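The structure appears right after this line, and notes come after that.
Being a predicted model, the structure only gives us computed values, none of them experimental.
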Amino acid sequence: MGTQLWPLAPWALLLLLQLAGASHVVHRSLEAEQESGSVPASIVSPLLRTGYHFQPPMNWINGPMYYKGWYHLFYQYNPKGAVWGNIVWAHSVSRDLINWIALEPAIKPDIPSDQYGCWSGSATILPDGTPAILYTGIDRPNINYQVQNIAFPKNASDPLLREWVKPAYNPVASPEPGMNATQFRDPTTAWYADRHWRVLVGGLRGARLGLAYLYRSQDFKTWVRAKHPFHSALTGMWECPDFFPVQSPGLQSGLDTSEPSTKYVLKNSLDLTRYDYYTVGTYNKVKDKYVPDNPGGDYHRLRYDYGNFYASKTFFDPVKRRRVLLGWANESDSVTHDKAKGWAGIHAIPRKIWLDPSGKQLLQWPIEELETLRGKPVSVSGKVVKPGQHFEVTGLGTYQADVEVSFEVSGLDKAEAFDWAFADDAQKLCGIKGADVKGGVGPFGLWVLASGGLEEKTSIFFRIFKAGHGKHVVLMCADPTRSSLNPDLYKPTFAGFVDTDISSGKISLRSLIDRSVVESFGAGGKTCILSRVYPAIAIGDKAHLYVFNNGKADIKVSHLMAWEMKKPLMNGA
């Protein structure tokens, strides 16, 4: 079935007309055309380009904010190719975080303190309503010497914020003696307390001590580094730190970054692992120090997403009083493939996040606006899947779909015993006990982007283990090892444990399927996994969706709803 295009909203049509004179079409390079000859045809198929996930028209693709009726997404972008390099701050706007229109880049290398690159940063709304961007600039060739800069809108009355200016007092923060100048980047959204602004910058001391430097300012111009780091741990470099307050456990509304709270989240992206980690803790405003609730949390930390998800950033949405998370997912094919395709990198679907009722972790769920893309629905209820059996969900196109399913598990006594050697390594456990390895209770779940003969399939599933004393361990996995017949692809299994009480036998799964990406949310958003896949056969209307059970216990699909997803307006692509 063909992909439906979401009708243009009046705001989108009007803005497109306004921008028509300034728009430009980026053509695929001759080099890419030449290289594509050695790349499998399916890799460069437009049917693998995501349909409803954010990405620019072409090439390689970090802070978001809401301003005067528009959501703004600034992101690192290479206008010259589908590889890292030539980084500018590209800029797209939206009314709903789903339909996006690309504007001209907001920040380009054009002053001494960013002449060799404009790297990541964050946006802050000042008390008078003026937005400000703090970002990392590279001011020396070849060595990535990093400094922090600031930019303001040239015309704050322009809701689209199309032009930005950089004051002459840049840079506002530079490495000091004893600091690693090549590991000093990614300022956060600033927060205000006790007559001072505060901002964090990621860093590395020595070979292993990752840290968040704290800077203070009274006027948002002159910034002074605090004597002690805001927080640190022996984990390696902290990229893209993020710090924000959360409401009391279970409350889904969000807080502005400067609003006081009893609970906070500190997140960083670890360059060593390429994953995003976070802890929940408290903020001592007198000492300007963060303390995780779990004393060992820095070394047994939670992740936003247990798959391909990095360099994420949250922002507070003042209209819907929610905190929204955006993350980046790179490609899992090769640089040669990326050049041949002409594009690389997407953003995950924006997620609303809030503190779980337990107070121990965050919950995540796709923003409600995504549901406006739902088209043709199909439902299945009360269907029992016997051990070793599967069934196909038919009646809709499943290569671009939203699937929600509730499972009921019988026979928890048949669960395998949990090996505690894997207590801190769900991914390794999933690699050993993948979707085709029969178990006791599970593996059960979905085969998505599957070919009709099951030569290709990506498995999203649960497996339940006995943990002793009447307790159970729930493992959630994304297994793409059979996702494609194409050679030379990176196809890692991803996994996380799900902190849920399975004694009722009930557990839910939601999967967003979009051509070359699968985002899955287990148990109402307790565990999330994003995986990139590149089928050779299961493309377009040749993609199938199945429910499977490779365990010894019956699995009941109490209810399944699946929707075809329409294509939104996406940056002119």
Side-chain angles (χ1 to χ4, degrees), residues 122 186-194 196-205 208-216 226-270 273 275-306 309 312-316 322-325 327 351-364 424 496-497 499 525-528:
S122 301
D186 309 336
T188 65
T189 295
W191 72 96
Y192 190 79
D194 301 325
H196 281 82
W197 287 99
R198 292 161 172 82
V199 70
L200 304 180
V201 180
L204 176 69
R205 182 179 296 165
R208 294 185 58 202
L209 187 66
L211 48 82
Y213 293 110
L214 175 69
Y215 284 79
R216 303 187 187 99
K227 182 178 180 180
H228 301 289
F230 188 68
H231 194 60
S232 62
L234 293 169
T235 56
M237 170 65 187
W238 284 13
E239 291 193 305
C240 303
D242 197 11
F243 177 69
F244 55 90
V246 288
Q247 289 276 23
S248 300
L251 296 180
Q252 294 193 22
S253 58
L255 295 171
D256 178 81
T257 309
S258 293
E259 289 186 71
S261 181
T262 58
K263 289 295 177 184
Y264 290 79
V265 170
L266 178 62
K267 163 264 170 184
N268 55 67
S269 305
L270 288 191
T273 64
Y275 296 132
D276 281 11
Y277 299 84
Y278 75 92
T279 55
V280 179
T282 56
Y283 169 39
N284 186 321
K285 297 179 180 62
V286 176
K287 296 182 178 181
D288 264 333
K289 298 283 287 184
Y290 170 80
V291 180
D293 288 345
N294 179 357
D298 286 317
Y299 305 101
H300 302 280
R301 287 179 297 174
L302 300 162
R303 281 163 53 181
Y304 282 156
D305 191 293
Y306 291 84
F309 187 95
S312 63
K313 177 66 185 172
T314 67
F315 77 101
F316 175 67
R322 60 185 176 181
R323 184 154 289 269
V324 178
L325 168 68
R351 304 172 183 179
K352 176 181 173 179
I353 60 173
W354 67 98
L355 193 59
D356 179 81
S358 70
K360 297 179 180 179
Q361 70 166 96
L362 294 172
L363 294 177
Q364 304 172 56
D424 289 324
F497 294 112
D499 186 9
K526 284 178 174 285
T527 301
C528 308

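Residues Pro229 and Lys289 come closest through the heavy atom pair O-NZ, 3.0 Å. Here the closest heavy-atom approach between residue Gly203 and residue Tyr213 is recorded as CA-CE1, 3.9 Å. Listed here is the closest heavy atom pair of Ser312 and Ser269: N-OG, 4.2 Å. Nearest approach of Gly297 to Thr279, heavy atoms of both residues: O-CG2, 3.6 Å.
Not less than 6.0 angstrom separates the ring centroid of Tyr299 from the ring centroid of Tyr277. Close placement of the Phe230 and Trp191 rings is indicated, their centers lying within 6.0 Å of each other.
Considering CG of Leu204 and CG of Leu211, their distance stands at 7.0 Å, rounded to 0.5 Å. Note that NZ of Lys526 is 12.0 Å distant from CD of Gln364, once rounded to the nearest 0.5 Å. Note that OG of Ser261 is 12.0 Å distant from CG of Asp256, once rounded to the nearest 0.5 Å. Summarising the geometry, atom CH2 belonging to Trp238 is positioned 8.5 Å from atom CG belonging to Leu270; distances are rounded to the nearest 0.5 Å.
No donor-acceptor distance shorter than 3.5 angstrom exists from the side chain of Ser232 to the backbone of Leu209, with no hydrogens or angles considered. A donor-acceptor pair under 3.5 Å links the side-chain atoms of Ser258 to the main chain of Tyr192, judged by distance alone. At distances below 3.5 Å, at least one donor-acceptor pair connects side-chain atoms of Asp186 with backbone N or O atoms of Cys240. Between the side chain of Thr527 and the main chain of Phe497, a donor-acceptor pair closer than 3.5 Å is present. Although no hydrogens or angles enter the test, the distance criterion places no donor-acceptor pair under 3.5 Å between the side chain of Arg216 and the main chain of Leu214. Side-chain atoms of Gln361 do not come within 3.5 Å of backbone N or O of Leu302 as any donor-acceptor pair. Counting only distance, with no hydrogens or angles, the side chain of Tyr278 and the backbone of Leu362 share a donor-acceptor pair below 3.5 Å. A donor-acceptor pair under 3.5 Å links the side-chain atoms of Thr188 to the main chain of Leu200, judged by distance alone.
Using the six-membered ring where Trp is involved, Tyr290 and Phe243 have ring planes that are perpendicular, over 60° apart on the 30 and 60° scheme.
Counting only N and O atoms by type, the side chains of His231 and Asp298 include a donor and acceptor under 3.5 Å apart. Looking at Thr314 and Arg323, their side chains do bring a donor and an acceptor atom within 3.5 Å of each other. In this structure, a donor-acceptor pair under 3.5 Å is present between the side chains of Gln252 and Lys352. Of the N and O atoms on the side chains of Lys313 and Thr189, at least one donor lies less than 3.5 Å from an acceptor on the other residue.
Using a 4.5 Å heavy-atom threshold, the side chains of Cys528 and Arg351 count as touching. Counting heavy atoms from C-beta on, the side chains of Leu325 and Phe309 come closer than 4.5 Å. Within the 4.5 Å cutoff, no side-chain heavy atoms of Tyr283 are placed close to those of Val291. Gln247 is not listed as a side-chain neighbour of Trp354, based on a closest heavy-atom distance of 4.5 Å or more. Looking at heavy atoms from C-beta onward, Val265 lies in side-chain contact with Tyr304 at the 4.5 angstrom threshold. At least one side-chain heavy atom of Thr235 sits less than 4.5 Å from a side-chain heavy atom of Arg301.
Under the 4.0 Å criterion applied to side-chain N and carboxylate O atoms, Asp194 and Lys285 are not assigned as salt-bridge partners. A salt bridge links Asp276 with Lys267: at least one charged nitrogen is closer than 4.0 Å to a carboxylate oxygen. Using a cutoff of 4.0 Å between basic side-chain nitrogens and carboxylate oxygens, Asp293 and Lys360 are not scored as salt-bridged.
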Take Phe244 and Ile353, measure what side chain to side chain contact (heavy atoms under 4.5 Å, CB included) needs, and give me the verdict at the end.
CA-CA 11 Å; Phe244 55 90; Ile353 60 173; 3.7 Å; yes
Check the pair Leu355, Leu251 against side chain to side chain contact (heavy atoms under 4.5 Å, CB included), reporting the backbone distance first and the verdict last.
CA-CA 7 Å; Leu355 193 59; Leu251 296 180; over 6 Å; no
